[in-house]
Each structure stands twice: as structure tokens, then as C-alpha cells.
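First up is the structure itself, then whatever we jot down about it.
The chains referred to below are lettered A, B, ... by the order of the sequence lines, with proteins before strands, and numbering in each begins at 1.
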Amino acid sequence: MDKVRTRFAPSPTGFMHIGNLRTGLYAYLFAKKNGGDFVLRIEDTDQARYVDGAVQVIYNTLKTAGIDYDEGPDKDKGFGPYIQSERKSLYLKYAMELVERGGAYYCFCDKERLDSLADSNGVRKYDKHCLRLSKAEIEDRLKSGQSYVIRQNIPAEGEGSYVDMVYGKVTVPYHDMEDCILIKSDGMPTYNFANVVDDHLMQISHVIRGNEYLSSTPQYNLLYDSFGWERPTYMHLAPIMKDETRKLSKRYGDANFEDFIQKGYLPEAIVNYIALLGWCPKDNREKMTMSEMIEAFDVDGISISSSIFDEVKMKWLNGEYIKELSDEKFYELSLPYFKKGISSKYDYRKIAPLLKTRVDILSDVEHKTDFLAQFGEYDKNIFITKRMPDLAIANASVSAALIALKNLDDWSVDSIRDCLSACAEAHGIKNGHMVSNVRVAITGTEVTPGGAFEMADILGKEETIKRLEFSKSLLEK
RNA sequence: GGCCCCAUGGUCAAGAGGUUAAGACAUCGCCCUUUCACGGCGGUAACGGGAGUUCAAUUCUCCCUGGGGUCACCA
């Protein structure tokens with residue numbers, strides 16, 4: 001086999017959504033697995049849809065996702081330019097060659113005529129009207145400056161088929177294809193054409209893309225054939241869905257990479273998760289580094305059916321990644337999510353290590369530390385758990401702890417522990433009940449970033465006493 | 001509507017004619033922990049329907065149903 005070369009060819013039309021990224025990831029994994037090159041190409045032939053800054057989004061996303069391209073707009077290895085709008089003259093040249101070879105033809109039909117071709121379902125198919133034009137007539141029209149497009153000339157009979165790496169054999173009758181436009185009236189190529197010309201010129205060996213192209217691929221193969229070019233191997237990927245019936249789209253706001261990063265997902269976790277959405281390694285591993293994925297990547301494991309994006313599972317995976325972070329790293333990454341208003345009052349260095357095993361995504365830090373700034377009326381039934389079944393015990397614990405802690409001068413996790421322990425014993429309260437009750441009493445919440453000692457230590461003596469007093473009266477109500 | 005493609009628990013998914021039909025997330029329960037969480041153990045839960053082929057179909061074929069894609073001077 002010739003050298004494996006894959007490409008990722010996004011359009012700069014805004015954010016990069018997860019499905020799109022996954023396509024790029026698979027193309028990258030496949031190339032790397034096979035010792036090949038991964039090429040980035042920007043498909044910006046539709047000027048109307050171009051979004052400012054979107055190219056930068058593509059660069060940034062790939063970079064933070066850890067997907068390094070071997071070639072791209074800023075890494076020309078001799079196949080450039082890698083931005084389609086900069087290749088404009090090239091396409092026209094090839095289109096004219098194709099006209100010479102009979103694989104395409106000039107078309108001068110206007111919108112009205114095209115619209116009149118629509119059938120009762122509103123579906124229209126071009127009738128090859130301009131294919132009948134004589135060479136002289138075409139020359140004349142061209143000379144007079146009449147607006148034109150170049151269309152692909154599809155055979156009326158027969159069918160086109162190819163073997164897809166994941167779908168197997170796909171066959172489409174030529175009759176069902178249209179003589180689609182290759183060069184638009186603005187001189188720019190359509191995707192249908194640019195794609196083929198570029199993939200050939202860039203010596204792409206394996207075309208990896210979404211399965212929306214599954215049935216138009218025979219049409220592209222016709223182009224390769226007309227030019228006498230070797231067809232690439234195709235790998236089409238099933239879409240990632242938002243739910244059973246809707247595909248993940250840019251409209252689904254949370255589906256883009258940037259948003260997930262902002263919510264506090266680790267890039268490695270996102271990449272790991274989306275890799276698993278549609279691919280399963282032979283040994284069924286779930287948590288993998290990029291190099292492990294490259295090593296394990298295998299076409300056999302690619303799903304042929306679509307999969308639904310499940311943020312709950314991605315959250316879990318992210319939590320696994322977070323637990324592996326060093327305390328220092330976690331501190332750095334999560335600090336931005338620690339509310340500024342309370343950061344001056346409480347030491348986040350003390351809180352962060354406690355939080356590490358308790359958050360799935362970094363932004364969880366925000367609400368998990370809410371109790372620091374907010375404390376007030378709460379439902380006293382939260383004292384009750386399976387191990388602490390009685391409010392009277394809560395009441396007793398809080399009253400006793402209040403007195404004991406008031407007299408505690410050396411305020412540290414250890415001294416608070418000892419103090420509470422002695423207090424429990426003195427009052428005949430189980431140690432577990434005591435700490436459980438104190439923990440709830442000083443935080444007002446069921447789930448906290450740590451145990452009673454840590455919470456009291458972080459809150460400080462003054463605040464702890466204040467809260468115990470509040471909870472005491474709440475319990476006495 | 002034509003054409004192309006798909007169909008295993010709620011979700012991601014192994015399995016490729018004979019399996020007690022894996023595993024993960026979620027969910028539920030138990031245990032651990034001087035406390036919630038973390039962690040450990042376990043439970044509930046699936047082959048869309050109908051015909052064939054076969055000694056035997058979740059697995060192969062066909063039909064139906066359901067879903068997706070495509071039919072643009074968008075990619």
C-alpha cells in the first residue's frame with residue numbers, strides 16, 4: 001500500500017461540534033496507526049457561510065484536543081495551499097480539462113428554468129439541457145460574457161459502486177444522480193468538485209468523513225474515473241445523535257468543544273469519550289490516552305449505526321481524569337471556578353484537595369462551594385440518614401458541639417477532631433452521629449466537599465460557631 | 001416521494017450460526033468510611049416484528065416497521 005494520507009477538511013462556519021471533531025480524530029488515529037500523515041485542509045469555498053475567526057477556532061480546537069496535523073495551512077509540505085479559496089484557479093483549470101474529456105459540460109440555464117423542472121414533490125433533476133449545445137454556441141455565449149456553471153456529466157445508464165471500509169459495498173444507480181454543479185457561477189468550485197481535485201492532488205489515500213456522503217460517493221468516483229485518477233479508499237462514519245431522531249448539530253449549543261472546555265471538561269476526557277462514540281477497541285478498554293488510542297485503533301471496531309451523545313457518561317469519564325490529576329494541577333485548573341467573592345475569605349488551597357474526588361467537571365466547584373457564602377434556612381430533615389435516624393440526636397449533638405467548640409482555642413483539623421470526639425463521649429453520643437450532625441449543621445447541605453473537621457477548619461472558628469448557633473435554634477423549632 | 005444506509009438493556013457497546021447474550025455509564029440495594037462524597041460488592045434491565053435457510057438463528061436472506069442520510073450555484 002502507498003503511504004497512508006488522511007485529511008480533515010472542516011468548513012470555517014463557526015464552532016466545531018463534537019461530531020465533526022470525532023471525524024477529524026478518527027482520520028488522525030487512522031493515519032497515525034498506519035504510520036501515515038494527517039492533513040488539515042480548510043474548505044471555505046462557500047463565501048456566504050464563512051464566519052470570521054472560524055479558522056482560528058479550528059486551529060485551537062485541534063491543538064487543545066491534541067490532534068496534531070502533519071500538514072496544513074501553516075505547515076506546507078509541498079501540497080499547498082491548504083485553503084481552498086486560495087486554490088481557486090486550479091479548480092477551473094481541472095474543470096475545463098474535464099469538459100474536454102466529456103466528464104463535464106457548460107450550463108447556462110437560469111434559475112427560472114431550473115425551478116420549472118421541479119416535479120410534484122418539489123424535487124427537480126437537471127435535464128442535461130445544455131449538454132446539447134454545440135461547441136460554437138458555447139463559445140459564443142462564453143464570449144458574450146453570459147453567466148455559466150460547469151456541470152458533471154453523469155451517464156444515464158448503469159450504476160456506481162464501491163467498497164466502504166465500514167459499510168462494505170455500496171451501490172447507487174446513475175439514474176438517481178443529478179448532473180451536479182462543479183464550478184459555480186462565481187468561479188468557485190462546489191464541495192463536490194473541490195473535494196475530489198484536492199484529495200487527488202494532495203494524494204489522500206483514505207477519505208474519512210461523515211456518512212452523509214455515503215450515497216454521493218459513486219458520483220465522486222465518476223470524477224476520478226473521468227480524469228483517469230486512482231480512487232481513494234473510503235471510510236464513512238455514522239453520525240452522533242442528540243437523541244433518537246435528531247443529529248447533533250451546531251444548533252445544539254452544548255455540542256461544541258469550546259463549550260465543554262468552558263464547563264470544565266478536560267480535553268483528554270472529551271477526546272477519549274468521543275473516540276468511544278462509534279468505536280470500541282478489541283479489548284473493550286474505555287479510558288485511554290491518545291497514544292493508546294492510536295495503538296488500538298482498528299476499523300473493525302467502528303460502529304456502522306449511529307450513536308447518541310450521552311453527556312452523563314462523558315461527565316463520569318471526565319471525573320476519572322480529574323481524580324488522576326495531582327493536587328497542584330487540580331488546584332490550578334479549578335481555581336477559576338472558585339467564586340471570586342469568597343476566595344478572599346476562604347483558603348482554596350485547603351478546599352481543592354477535598355474537592356478533587358467529588359467533582360466530575362471543573363465547574364462543579366462553583367456550586368459545591370456555595371455553602372461557604374450561603375448559609376441560612378434549610379430543611380432539618382437532611383440530618384437524617386440511614387446511620388443517623390433521629391433528630392433528637394442531631395439536636396443534642398449540635399448543642400454539645402457548640403459548647404465544646406466555643407472553648408476550643410487551637411483551631412485545626414486535628415484539634416477539632418479530638419474536641420468533637422471527647423464531646424461525643426462525654427454526652428453519650430455516637431462518634432459517627434456527632435460528626436455527621438456537625439457537618440450538616442455548619443454547612444446546611446447534605447453533600448459537602450469534606451467531613452466535619454475539614455469543613456469546620458475551612459470555615460474558621462467564628463463562622464463555625466455562628467452556624468452551629470443557627471442550626472441549634474433551627475433544630476429546636 | 002425516489003435512491004442509499006442503519007436496528008442488542010434507558011445510553012455507549014461486545015458478540016459474526018450452538019454463549020448462563022460480556023463490559024461501561026445511569027439506576028437500585030448492600031458494605032466500607034469517627035460524617036456526605038470517594039471506594040468495594042451485588043441486583044434490575046436488551047437481541048423491533050414476520051417469513052424463510054438450517055438439526056440450530058441475536059448472528060445469514062427477504063419483507064414489514066421504525067430511524068437516519070441524500071435528492072442546493074451548502075459542505
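- A donor N or O paired with an acceptor N or O is not found under 3.5 Å between the base of B/rA14 and the side-chain atoms of A/Lys282.
- Using a 4.0 Å heavy-atom cutoff across all strands shown, A/Lys315 reaches no nucleic acid atom at all.
- Contact of A/Ser185 with B/rC73 (side chain to base): a donor-acceptor pair of N or O atoms is detected under 3.5 Å.
- Between A/Phe309 and A/Tyr273, the ring center distance clears the sub-6.0 Å criterion.
- Summarising the base pairing, B/rG29 is matched to B/rC41 through a Watson-Crick or G-U wobble pair whose two defining distances lie under 3.5 Å.
- Considering only side-chain N and O atoms, A/Arg387 lies under 4.0 angstrom from the phosphate OP1 or OP2 of B/rU35.
- Counting any heavy atom pair closer than 4.0 Å across all strands shown, A/Ser307 reaches sugar-phosphate atoms only and no base atom.
- The base of B/rC36 is paired with the side chain of A/Arg358 by a donor and an acceptor separated by under 3.5 Å.
- Listed by chain and residue number, A/Phe375 satisfy the ring pair (Phe, Tyr, Trp, His ring centres under 6.0 Å) test with A/Phe470 (two or more places apart in sequence, or in another chain).
- Judged by the 6.0 Å distance and 45° axis criteria, A/Arg151 is positioned over the aromatic ring of A/Tyr126.
- The base of B/rA22 lies close enough to the side chain of A/Asn284 for a donor and an acceptor atom to sit less than 3.5 Å apart.
- Both the sub-6.0 Å distance and the 45° axial angle are satisfied by A/Arg349 relative to the ring of A/Tyr331.
- The residue A/Ser303 sits close only to the backbone: its heavy atoms come under 4.0 Å of sugar-phosphate atoms, none of a base.
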